Every structure is written in C-alpha cells, then in structure tokens.
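First comes the structure, then the notes that go with it.
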Amino acid sequence: MVQGLGIRYETGPATHPSTGRHMPDLPGAEDAVRLPRPVLFDLTDSAELRAVADGWAHRVDVRTLPGPTGLTALLVCPDGYVAWATDGETGATDLGVLRHTLSRWFGTPSPDPDEGQPGRV
C-alpha cells in the first residue's frame with residue numbers, strides 16, 4: 001500500500017463499488033487525468049449524462065470514451081479517486097445522485113454553462 005491505491009474515501013452512501021476508490025484503468029483516459037480538473041467519463045455517449053454535467057462545464061470536463069469496461073460512467077476527482085460511478089442503464093436515480101455529487105464536490109451549477117469560460121461572450 002505504498003502508493004495508497006488501497007485507500008477508500010468516505011463519500012457518503014456508496015452507490016457503486018468503485019465510489020471512493022482510485023479510478024480503474026480506462027483506455028484513452030491518460031490525457032484527461034493529467035489535468036488538475038475533475039472529469040466525468042461517459043462510457044456510453046449518453047446525452048442525459050452530458051445534460052446533467054452542463055451546469056458544471058466550467059469546472060468539470062466531460063470525456064466520452066469507447067470500449068467495454070463494465071461501467072457506464074464515472075466522475076473522477078483531480079486526485080484520481082472516483083466520486084460517483086454507475087454501470088448498466090443510467091436511470092433517473094443515478095442522474096439525481098450524479099447531480100448531488102457534482103454539487104457536493106464542485107459547488108452549485110452555473111445557470112450559464114459558458115459563464116467563466118475564457119474567450120466566450
């Protein structure tokens with residue numbers, strides 16, 4: 001446990017076994033996790049997930065990655081730990097928990113997703 005990969009954060013009621021743990025290896029995720037920003041990895045190209053994350057676009061990156069991983073989506077904090085994850089169909093309950101998790105970790109959503117973005121009017 002020298003690397004700390006066995007550590008699990010207390011994130012409240014765990015909705016998925018990956019929640020609170022270090023993110024799993026995801027092909028294509030290397031560039032996204034090098035940035036000091038949280039990332040919502042959408043592994044099924046879900047318009048619903050992207051719509052929920054729109055209010056946090058100035059604070060949270062959304063990346064769509066292909067490939068079978070057993071996961072549908074996961075929200076990864078800048079330190080590489082999973083704040084939220086889901087697999088299978090993403091229903092209204094999952095989206096509600098995602099919205100709550102985004103608010104808890106990254107503040108209230110912006111009414112305008114372009115607000116605060118450099119070069120945007």
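Since this is a predicted model, take the numbers as computed values, not measurements. Along the sequence shown, residues are numbered consecutively beginning with 1.
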Q | Residues Thr90, Leu95; criterion side-chain contact (heavy atoms from CB on, under 4.5 Å); working and verdict | A | CA-CA 7 Å; Thr90 305; Leu95 296 174; 3.6 Å; yes
Q: Using the salt bridge (charged side-chain N to carboxylate O under 4.0 Å, His left out) rule, take Arg50 and Asp42 through it: C-alpha gap first, then chi angles, then the decisive distance, then the call.
A: CA-CA 8 Å; Arg50 289 190 307 278; Asp42 176 1; 3.2 Å; yes
Q.
One pair to check against side-chain contact (heavy atoms from CB on, under 4.5 Å): Leu75 and Val82. What are the steps and the verdict?
A. CA-CA 6 Å; Leu75 176 63; Val82 177; 6.0 Å; no
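For the atom pair OG1 (Thr64) and CG (Asp45), the distance works out to 4.5 Å, reported to the nearest 0.5 Å. Distance CZ/Phe106 to CZ/Arg59: 9.5 Å, rounded to 0.5 Å. Here the OG1 atom belonging to Thr44 is positioned 11.0 Å from the CG atom belonging to Asp87, to the nearest 0.5 angstrom. In this structure, the separation between CH2 on Trp84 and OG on Ser18 is 11.5 Å, given to the nearest 0.5 Å. Rounded to the nearest 0.5 Å, atoms CG (Asp54) and NE2 (His58) are 12.0 Å apart. Atom-to-atom distance recorded for Arg21:CZ and Tyr81:OH is 10.0 Å, nearest 0.5 angstrom.
Taking both residues in full, the closest heavy atoms of Asp94 and Glu89 are given as OD2-O, 3.4 Å, listed atom of the first, atom of the second, then distance. Closest heavy-atom contact between Thr19 and Ala85: OG1-N, 3.9 Å. Between Leu102 and Ala53, the shortest heavy-atom distance links the atoms CD1-CA, 4.2 Å. Between Ala83 and Thr101 the shortest heavy-atom distance is O-CG2, 3.5 Å. Here the closest heavy-atom approach between residue Gly88 and residue Thr72 is recorded as O-OG1, 2.6 Å. Leu49 and Leu40 make their closest contact through O-CD2, 4.0 Å (heavy atoms, listed as atom of the first residue, atom of the second, distance).
Put simply, the side chain of Arg37 does not reach to within 4.5 Å of the side chain of Val60, judged on heavy atoms. Side-chain contact check for Pro24 versus Leu74: some heavy-atom pair is nearer than 4.5 Å. A 4.5 Å side-chain heavy-atom check between Leu26 and Phe41 finds at least one atom pair inside the cut-off. Two residues are said to be in side-chain contact when any heavy atoms from C-beta on lie closer than 4.5 Å; Pro78 and Pro38 meet this criterion. A heavy-atom distance below 4.5 Å is found between the side chains of Val52 and Arg99.
Between the side chain of Trp56 and the backbone N or O of Gly107, at least one donor-acceptor pair lies under 3.5 Å.
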